[in-house]
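These notes concern the structure reproduced below.
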Amino acid sequence: KMEKTLIAKIEDVLPDTINPGRLKHTLGVVEAAKYLAQKYKENIFDAEIAALLHDFAKDYNEEQLREYIGQHDIIVDNILMKTYELLHGKVGASIARIEFGISNQDILNAIENHTTGRRGMSNLEKIIYLADFIEKGRKYPGVEQLRKLADENLDEAVLMALNNTISYVINTGKLLHPNTLYARNEILYETKNIRGIG
Ligand code: FE
Ligand code: FE
């Protein structure tokens, strides 16, 4: 199968691209993403490929990321540029397209937006976003509650993950990317049937 060849190709280069701890995390995200894809009836191969590549550029240093962005004419907003941890999604998506020949836009979007979320996330984007927070290696207060919710309702779980992220970002004095807030408000609006003023 075409997909199998692609997965093997990614698995070949991954250990030379990311550190061992991150490789373990990535394989945890693969497992969680495949589980969620099966549960919520999304394409399991797409979930596996997006999960395998989601942190591909995370061990690039700031200079490497900036250089890649400059060379590939990637458009980056101020907050992404100032928040080093958020940049690897955009670069990872570009590598997925150029180096691995991935043309499925949903997979590319899932890689690109796993760092912030965004308005109008597809189910695959939600699955990768969520799998990143619930993979088995993750340990933080509230992770069990989030895992339980992930088993029950995809949107509710993504909403909780977005809320956790926003709280964390505010409590640690970091920049909040507006896409995270847009994603959170949209899901809240849709799932809770909140009415606007008037
Ligand atoms: Fe990441
Ligand atoms: Fe990750």
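When a ligand or atom number is given, it counts from 1 through the structure's own listing order. Small disclaimer: the values here were computed from a predicted structure and weren't measured.
If you look at D132 and ask which of its N, O or S atoms sits nearest the Fe ion (ligand 2), the answer is OD1.
Look at H54 and the Fe ion (ligand 1): no N/O/S atom of the residue is under 2.8 Å from the metal. At least one N, O or S atom of D55, from either the backbone or the side chain, sits less than 2.8 Å from the Fe ion (ligand 2).
A salt bridge does not link E63 with R66: every distance from a Lys NZ or Arg NE/NH1/NH2 to an Asp or Glu carboxylate oxygen is 4.0 Å or more.
The two residues Y129 and T165 come nearest to each other via the heavy atoms OH-OG1, 3.4 Å.
When I18, I111, V91, T17 are each tested for a side chain to side chain contact (heavy atoms under 4.5 Å, CB included) with F56, only one passes: T17.
For the atom pair CG (L162) and CZ (F133), the distance works out to 7.5 Å, reported to the nearest 0.5 Å.
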